[in-house]
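Small disclaimer: the values here were computed from a predicted structure and weren't measured. FYI, side chains are in, hydrogens and waters are out, and symmetry mates aren't considered; it's all heavy atoms of this structure.
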Amino acid sequence: VQLQASGGGLVQAGGSLRLSCAASGRTFSSYAMGWFRQAPGKDREFVARMGWKGATTSYADSVKGRFTISRDNTKNTLSLQMNSLKPEDTALYYCVADPGFIANNYLHVKYWGQGTQVTVSS
């Protein structure tokens with residue numbers, strides 16, 4: 001699976017952004033998908049995940065209620081709607097995929113996109 005994330009940018013605190021991830025491969029619909037992020041000087045951290053059917057979702061406590069993950073298996077795309085953005089959301093955001101489960105530990109996630117930068121100004 002190859003992943004291409006887009007949609008990052010600079011936004012003021014309280015604003016919104018929508019990240020997209022285009023996936024290649026005929027087996028996209030059978031993969032769990034998710035998002036991680038990495039702020040400068042910090043480890044990559046789990047943000048959100050969605051099961052291959054789209055029926056199950058999970059979010060990091062820090063983004064719960066503000067971010068929404070979604071996928072369209074007919075278009076091989078994954079999205080992350082980010083609302084009420086805060087300066088602490090500033091990070092490089094990665095789209096990820098795994099044939100099994102998107103673990104909270106980034107070391108256990110198999111496929112990674114190249115990342116898209118999100119910067120939230122105060």
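- Across L78 and S70, no two heavy atoms sit closer than the pair CD1-O, 3.2 Å.
- Clustering ILVMFWY residues whenever any of their side-chain heavy atoms sit less than 4.5 angstrom apart, transitively, puts W35 in the very cluster that holds L85.
- Of the possible polar contacts, none joining the D72 side chain to the T77 backbone as a donor-acceptor pair under 3.5 Å is found.
- Follow the hydrophobic side-chain contacts under 4.5 Å out from V47 and you never reach V109; the two are in separate clusters.
- At a threshold of 4.5 Å between non-hydrogen side-chain atoms, the residues V63 and R37 count as touching.
- A 4.5 Å side-chain heavy-atom check between Q117 and L10 finds every atom pair outside the cut-off.
- A distance of 9.0 Å separates CG of L19 from CD of Q81, quoted to the nearest 0.5 Å.
- Separating the CZ atom in R71 from the OG atom in S29 is a distance of 7.5 Å, to the nearest 0.5 Å.
- A chain of hydrophobic side-chain contacts below 4.5 Å, direct or via other Ile, Leu, Val, Met, Phe, Trp or Tyr residues, connects V11 to F67.
- Looking only at side-chain heavy atoms (C-beta outward), Y31 and Y111 come within less than 4.5 Å of each other.
- No chain of hydrophobic side-chain contacts below 4.5 Å, direct or via other Ile, Leu, Val, Met, Phe, Trp or Tyr residues, connects Y59 to F46.
- At distances below 3.5 Å, not a single donor-acceptor pair connects side-chain atoms of T116 with backbone N or O atoms of Y93.
- If you take OG on S122 and CD on E88, they are separated by 10.0 Å, rounding to the nearest 0.5 Å.
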Would I69 and M33 count as a side-chain contact (heavy atoms from CB on, under 4.5 Å) if you check the C-alpha gap in whole Å, the side-chain angles of each, and the deciding distance to 0.1 Å?
CA-CA 9 Å; I69 189 172; M33 302 290 295; 5.6 Å; no

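- The distance from the OG atom of S16 to the CZ atom of R66 is 10.0 Å, given to the nearest 0.5 Å.
- Between W112 and Y94, the ring centre distance stays below 6.0 Å.
- Interatomic distance, T68 OG1 to R18 CZ, rounded to the nearest 0.5 Å: 8.5 Å.
- Although no hydrogens or angles enter the test, the distance criterion places a donor-acceptor pair under 3.5 Å between the side chain of N73 and the main chain of W52.
- A heavy-atom distance below 4.5 Å is found between the side chains of Q4 and Q114.
- A salt bridge does not link R49 to D98: none of the charged nitrogens lies less than 4.0 Å from a carboxylate oxygen.
- Taking 4.5 Å as the limit, every side-chain heavy atom of D89 sits out of range of all side-chain heavy atoms of M82.
- Note: the hydrophobic cluster containing I102 does not contain L3 (ILVMFWY, side chain heavy atoms under 4.5 Å, direct or indirect links).
- The shortest side-chain heavy-atom distance between N104 and F36 does not fall under the 4.5 Å cut-off.
- Between L107 and R44 the shortest side-chain heavy-atom distance does not fall below 4.5 Å.
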